[in-house]
Q: 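Structure below; questions to follow.
From a predicted model like this one, the values you see are computed outputs, not experimental measurements. In what follows, chains are A, B, ... by sequence order, proteins preceding strands, each numbered from 1.
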Amino acid sequence: MPHDLPKAYDPTAIEDRWAEYWVREKLFAQPTPGAGDSTAGKPFTILLPPPNVTGRLHMGHMLNQTEMDILTRWQRMSGRRALWLPGTDHAGIATQMMVERQLTEEGKSRQQLGRKAFVERVWEWKHHYGGAILDQMKRLGASVDWQREYFTMDERLSVAVREAFVRLHEQGLIYRGAYIVNWCPRCQTAISDLEVVYDEHKGHLWEIRYPVIGTDGKDTGEFLTVATTRPETMLGDVAVAIHPEDERYLHLHGKKLRLPLMDREIPVILDGWVSREFGTGAVKVTPAHDPNDFAIGERHHLPSINVMDDTAHINAEGGAYAGLDRYVARKRIVSDLEEQGLLVAVKDYTNNVGHCDRCKTVVEPRLSTQWFVKIQPLADKAIAAVKPGPDGEKAIRFTPEQYEKTYLNWMENIHDWCISRQLWWGHRIPAWHCSTCHKITVARVDPTACAHCGSTQITQETDVLDTWFSSGLLPVSVFGWPNITAENRRDFDAFYPTNLLVTGFDILFFWVARMIMLGCWFAGDVPMPDGSPRPLAESVPFKEVYIHALVRDANREKMSKTKGNVIDPIEIVKQYGTDAVRFTLASMASPGTDIAFNVARTEGYRAFANKIWNAARFLFMNVDRAAEIGIAVDPPALGSMPVVAADAPVEERWIVAELHSTAAKVNQSLENYRYDDAANTLYQFFWGSFCDWYLEIVKLRLDFSETADKAGTKAALTTLVGVFEAALRLLSPFMPFLTEEIWHALYDGNPPAKSIALTSYPSASNRDIDSRTQYRMILLQDLIRVIREERKNRDIPERESVPMFVIAGSIRDFGTNPDELIKQNSEIVQRLAKISTITTIKRTDVGKEDLIWRSVGYTEIALVHEKQVDVPAERERLTRDIAKYEKGLAAAERQLGNESFLAKAPAQVVEGLKKQESETRLLLEKAGAALDALPKE
RNA sequence: GGGCGGUUAGCUCAGUUGGUUAGAGCGCCUGCCUUACAAGCAGGAAGUCGGGGGUUCGAGUCCCUCACUGCCCACCA
């Protein structure tokens, strides 16, 4: 790969090539450490939140992966053993739905296929399409260890799932029973509380009167009116509850009511839960279809009558309504009640209706037999892991911190976890039902007989486990748990706990919380390598959690398929290149703020990539020209930082100082997950400092003529190449493709490492930063800017060089005399500001009264040109400046005249203000003088 | 009903423990095809930091309050 880069930067021409190279060369593989090697090198371990096998890459993934990749590449280059571990999730419901849809198109159903054939079909689907999202990841250059790729249904991970279930069962933390669960009639499975999304829904509150029955068994003619949002559930009513102190109804306590439509006698009961204010103050009690009613039923030992089947159709318990869909039944029931004169009122009512997270079907709370995890003991550990321990340290730290509170609040109010799903695709629950003794056998190995009675009449539980049960185990299971033996624990010892989890808040409870609970619970039982008990800080699945923002569209709207505002990252990548998109996301990723993704921004970063590209071309061009006249400029040694002599030209010392400042800042920013700061710092350095100033100045030293100062040219080129190479390394975690391409070219195809990603990340301490030189450069830049402004004001053609006068001054600042500085660097001023000659004069020199003087710090300069100033414009500008200076001066004087300020403010603040005051005073005087000197009309 | 954010330039956002005259990118205006780059170069305009009050020598930053806005959690039929 020689120096001949194409003229324009074209990401499509380079990215695929490097993406393939990184995977093919296994550059980011992190094999199991050898014996005795398990503690060598501080590891940086991070798990990829496994995307669903059914997934397609969206912007959220890309943000997530960009952040992880930046950190991983940075850590790797900083010398740590970096492992980023990828995999996919089998995603029970989502995947089953996908394949069911396929079957439907073929006119088949999963029931027709049968369980075995259906599961085989899903596997087939997975083998065919399941790798799509990881392929997309490869294309984005994610530096993961592909050798360790897993799937949550892999054999070894399934073993972990089974072990976890059996152990929890042995520990008495798993129970099975009939409770109200959220039931999705479309998916025909129970779902957890988290999988229900609530939506405001405009519905009705129906008020229905239930006839009161007298002691004679006949209707008394009195009624008790109840209010309900789901009239169809009345078919399962077993009582009506009133508040124990509700005077309106107390006389009915102990009486029976005739349940309309069902002609069933139900009691009036007292329960403190009833609110007298809501509705009519009388609540119909349907234990099989409402969690509150279920609780009432338990308290009052009422029966539960389930009136719906798995598809939310009324079952045989619903009498005349059997077979009807729940909403058809509702309509029918309402009209029947009306007909019988039992419908008192229909009121508009807006309530929260739960929908299935997956398919958006309205969830039906319904009594059903499910498996649960008794969560409190696990939650206790998970709470302790996040709160400060006895040593004041938190085992897990959240960024942004606010999520710690959210997490704790949820964890402290947690409910038992319904882990069974009535699906076919997933980890089947390792429990066997005995048809002889009706007891359950839970076992690690498939049993042939009932553990209780020995009967062979056993059948396996048909339910599978919640997908999050298996993904919650990943941090332990991917490193070999439960198979932690002396020979077999190197991965676990080396990489557990992982360092960091990067994810969105949407799966904070689903996944993050579950990993913490299960990780602490199971890893806690694994002794440390030396055999000592594992402390909580080493049991946690990760030490830090970084919660990133949501990516929204340019108008801050949430992206959604229905709104049609989804930005496909792959499309944007095709258009602008991966590096530009990554840089966009990084530069906008400030913790706690959502990202409004705007392609205008990406366009800007493609321009940045192009800028880097062209800087490389400039550099190569000059290195090659130097070679032609016998100046050999060697590319930098692996991982070195440029060094400049103390007597080197100011721009060389300056750019190296800037490089060091930049490296220090970027490292610090990444330390704090400030991707935005890091990206902006790099952008500013490369474009604002390296290209805009340094490259322009260095052109002065690039003399390839016969009479050239060869040593000077070589020194200049060496620094140029050295700084550029270090800058590439600084940029490479953010823009891996572009930097890889140019870096290889820089070494003319013979790089000292297989990849820039395997070199070292530049770092610097404050000692390395030459702030004196930085200050001198700022003065020069200010001077040049003022000259340019003055040229512009006077409409001096850009091509034309003009002479300049400088009034000699002697005031020093930071040990620098501005006049001296100008003298020493006259070439630079001349080149960058188009100045022909610089003449220093004394203030007292006569004959220069007609010049227009401008102030730069403590120096004054004047340009000589026949074009005079635009007087009105100049007057306006000066007047504006004067106003600004006066305001600043007044503020400074007020402060400095304030004795308590002088007494209380730190010395440096007072000093700074004094300096500012004197500078402003000077600027004000000069501006005033300049204004006076302007011709009067 | 609880809880947590946000409100800074036309737009999208920074602004560390309170400290000098509040920044960036994009957009806008003006002038330049200066052989690394027009995906560029140079210069410029633009902000009562949501309103009000307080603490302080000093507030975009801390406290109170109001307004608007977004999100999370919650078993009121």
Q: Looking across every strand, which nucleic acid part, if any, lies under 4.0 Å from A/Leu695 by heavy atom: base, sugar-phosphate, or nothing?
A: base

Q: Can you give me the N/O atom pairs linking the protein to nucleotides 23-30 of chain B at distances under 3.5 Å, or say none if there are none?
A:
| unit_1 | atom_1 | unit_2 | atom_2 | d |
| --- | --- | --- | --- | --- |
| B/U30 | O2 | A/Lys792 | NZ | 3.4 |

Q: Using 30° and 60° as the class boundaries, would you call the ring planes of A/Tyr349 and A/Phe278 parallel, tilted or perpendicular?
A: perpendicular

Q: Would you mind classifying the nucleic acid contact of A/Glu798 as base, sugar-phosphate or nothing, using non-hydrogen atoms under 4.0 angstrom?
A: base

Q: With rounding to whole Å, what would you report as the distance between B/G5 and B/U65 at their P atoms?
A: 15 Å

Q: Reading nucleotides 70-77 of chain B 5' to 3', which nucleotides get B (base under 4.0 Å from a protein heavy atom), which S (sugar-phosphate only), which -?
A: S--SBBBB

Q: Does this structure show an ion pair linking A/Glu364 with A/Arg326, if we count only N-O contacts that are shorter than 4.0 Å?
A: yes

Q: In terms of relative ring orientation, are A/Tyr403 and A/Phe505 parallel, tilted or perpendicular, with 30° and 60° separating the classes?
A: parallel

Q: Establish, from distance only, whether the side-chain atoms of A/Gln684 and A/Thr681 form a donor-acceptor pair under 3.5 Å.
A: no

Q: Identify the residue among A/Val274, A/Val238, A/Ile296 that makes a side chain to side chain contact (heavy atoms under 4.5 Å, CB included) with A/Ile269.
A: A/Ile296

Q: Which nucleotide, B/C37, B/G31, B/C4, lies nearest any side-chain atom of A/Glu696?
A: B/C37

Q: Tell me whether the OP1 or OP2 atom of B/G2 has a side-chain N or O from A/Lys405 closer than 4.0 Å.
A: no

Q: Under the salt bridge (charged side-chain N to carboxylate O under 4.0 Å, His left out) rule, what pairs show up with a residue in residues 578-588 of chain A, not counting sequence neighbours?
A: A/Asp69-A/Arg582

Q: Checking side-chain polar atoms at under 3.5 Å, does A/Asn680 have a donor or acceptor matched by the opposite partner on A/Asp676?
A: no

Q: Could you please name the partner base of B/U69, counting Watson-Crick and G-U wobble pairs only when both distances are under 3.5 Å?
A: B/G5

Q: Can a side chain N or O of A/Lys834 be found less than 4.0 Å away from OP1 or OP2 on B/A42?
A: no

Q: If you find the nucleotide of RNA chain B closest to A/Asp676 and the one closest to A/Met621, which residue's nucleotide is nearer the 5' end?
A: A/Asp676

Q: Between A/Arg674 and B/G15, is there a contact of a side-chain N or O with OP1 or OP2 at under 4.0 Å?
A: yes

Q: With rounding to the closest Å, how many angstrom separate the C1' atoms on B/C28 and B/C72?
A: 39 Å

Q: Considering only the C1' atoms, how many Å lie between B/C66 and B/A24, rounded to the nearest integer?
A: 32 Å

Q: Charged N to carboxylate O below 4.0 Å: is that the case for A/Arg785 and A/Glu789?
A: no

